[in-house]
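Data block below; observations after.
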Amino acid sequence: MADVQAFRDTVSCWAAGGAGEPASDLAVRLGLRTAVVLEGPSDLEAVEALTARRGRDLAAEGVCVVPMGGAMSVGRYAGLLGPPGLGLRLTGLCDEREQRFYTRGLERARAPHGGFFVCVADLEDELIRALGTSRVEEIIRAEGDLRAWQTFLRQPAHHGRPRQQQLRRFLGTKKGRKIRYGRLLVETLDLGEVPAPLDGLVSSL
């Protein structure tokens, strides 16, 4: 795990303008063949939680999951990790509204589009729909966030919105909450309920 995190760190430095040799050396040492590029750390937590529940060891399989820090970075990361750079197979998740960024970025990197799985709004929205709003609220209560949730619901800006939208917005209102619930929601799912984009991604690895 330490080497996997080291690879992520070196790729992040490379993407920010640093040298690529450390990432290249680590990719060889780890035997990497596939890079899963994700928008951020909450998606990373969800993917790692599902692979663990399915008994997968991605590092041993030559797969590294890399958060990019935002969809706008996909072109940069695809160029570094895909055919123009390390030559890894690229796959990942993207949101429907950001598909155009992914299409352009992958085309510039000469990487196939077929390995990317599309969420309608985002992965949290997919997970909330899969679980149902009542079960998500039960998780919020069990995690000790009920008071924060009730306070959120009293805010006029959120009145009248569908419960699913309210829950999705709530998960993003506090630093670190979206990341924590990314894992919690996946750990609560029955394995037959996994949303199609996440199931398709993990099954393809």
Side-chain angles (χ1 to χ4, degrees), residues 1-95 98-99 101-119 122-123 126-127 179 182-183 185-187 189 191 194-205:
M1 179 60 77
D3 283 343
V4 170
Q5 186 57 53
F7 178 74
R8 291 177 185 144
D9 292 342
T10 58
V11 169
S12 179
C13 291
W14 190 12
E21 289 82 0
S24 180
D25 291 345
L26 274 172
V28 172
R29 190 194 314 167
L30 293 168
L32 295 182
R33 58 177 180 81
T34 298
V36 182
V37 291
L38 300 172
E39 184 172 341
S42 62
D43 294 343
L44 168 67
E45 290 292 324
V47 169
E48 290 192 335
L50 181 57
T51 55
R53 290 192 64 194
R54 289 184 173 174
R56 302 280 299 276
D57 182 346
L58 295 185
E61 297 173 28
V63 179
C64 186
V65 185
V66 180
M68 301 181 295
M72 298 291 286
S73 298
V74 65
R76 178 68 172 153
Y77 276 77
L80 298 179
L81 299 173
L86 299 184
L88 303 177
R89 170 185 170 243
L90 298 179
T91 186
L93 295 170
C94 74
D95 301 342
E98 290 158 349
Q99 276 187 277
F101 299 124
Y102 281 74
T103 298
R104 288 200 296 265
L106 293 169
E107 284 176 350
R108 286 198 301 270
R110 304 189 303 279
H113 300 184
F116 284 76
F117 298 83
V118 181
C119 301
D122 55 24
L123 184 54
E126 298 280 351
L127 291 169
I179 298 171
R183 178 170 291 274
L185 297 182
V186 171
E187 290 176 341
L189 281 170
L191 287 177
V194 178
L198 180 60
D199 179 59
L201 170 62
V202 172
S203 297
S204 75
L205 298 177

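Just so you know, these numbers come straight off a predicted model, no measurement behind them. Start at 1 with the first residue, then count along the sequence.
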For the student: nearest non-hydrogen atoms of Val36 and Gly92, plus distance = CG1-CA, 4.1 Å
Side chain of Thr103, backbone of Gln99: donor and acceptor closer than 3.5 Å?
-> yes
For Asp43, check salt bridge (Lys or Arg N to Asp or Glu O under 4.0 Å) against everything at least two apart and list the hits.
-> none
Any donor-acceptor N/O pair, Arg54 side chain to Val202 backbone, under 3.5 Å | no
Give, for atom CG of Asp199 and atom CG of Leu50, the distance between the pair rounded to the nearest 0.5 Å.
-> 7.0 Å
Heavy-atom nearest pair, Pro22 first then Ala19, reads CD-O, 3.7 Å
If you look only at distance, which donor and acceptor atoms sit under 3.5 Å apart when one is on a side chain in residues 62-90 and the other is two or more places apart or in another chain?
residue, atom, partner, partner atom, Å
Arg76, NE, Ala15, O, 3.2
Arg76, NH2, Trp14, O, 3.1
Arg89, NH2, Ser204, O, 3.3

Worked verdict on Leu189 versus Arg53 for side chain to side chain contact (heavy atoms under 4.5 Å, CB included) = CA-CA 10 Å; Leu189 281 170; Arg53 290 192 64 194; 4.1 Å; yes
Atom pair CG (Leu44) and CG (Leu93), whose distance is rounded to the nearest 0.5 Å | 11.0 Å
Just by distance, do the side chain of Ser203 and the backbone of Gly200 share a donor-acceptor pair under 3.5 Å?
-> no
Would you say the side-chain atoms of Ser12 pair up with the backbone N or O of Arg8, donor to acceptor, closer than 3.5 Å?
-> no
Measure the spacing between CG of Leu123 and CG of Leu201 and express it to the nearest 0.5 Å.
-> 9.5 Å
For Glu39 and Asp95 the tightest heavy-atom approach is OE1-OD2, 3.4 Å
Inspect the contact between Arg183 and Glu48 and indicate whether a charged nitrogen and a carboxylate oxygen are less than 4.0 angstrom apart.
-> yes
Reported OG1-to-CG distance for the pair Thr34 and Leu58, which is rounded to 0.5 angstrom = 9.5 Å
What pairs with Tyr102 under ring pair (Phe, Tyr, Trp, His ring centres under 6.0 Å), at least two apart in sequence or on another chain?
-> Phe116
Side chain to side chain contact (heavy atoms under 4.5 Å, CB included) between Leu205 and Arg56, intermediate numbers included | CA-CA 10 Å; Leu205 298 177; Arg56 302 280 299 276; 3.5 Å; yes
Does Arg29 reach the main-chain N or O of Asp3 with its side chain, forming a donor-acceptor pair under 3.5 Å?
-> no
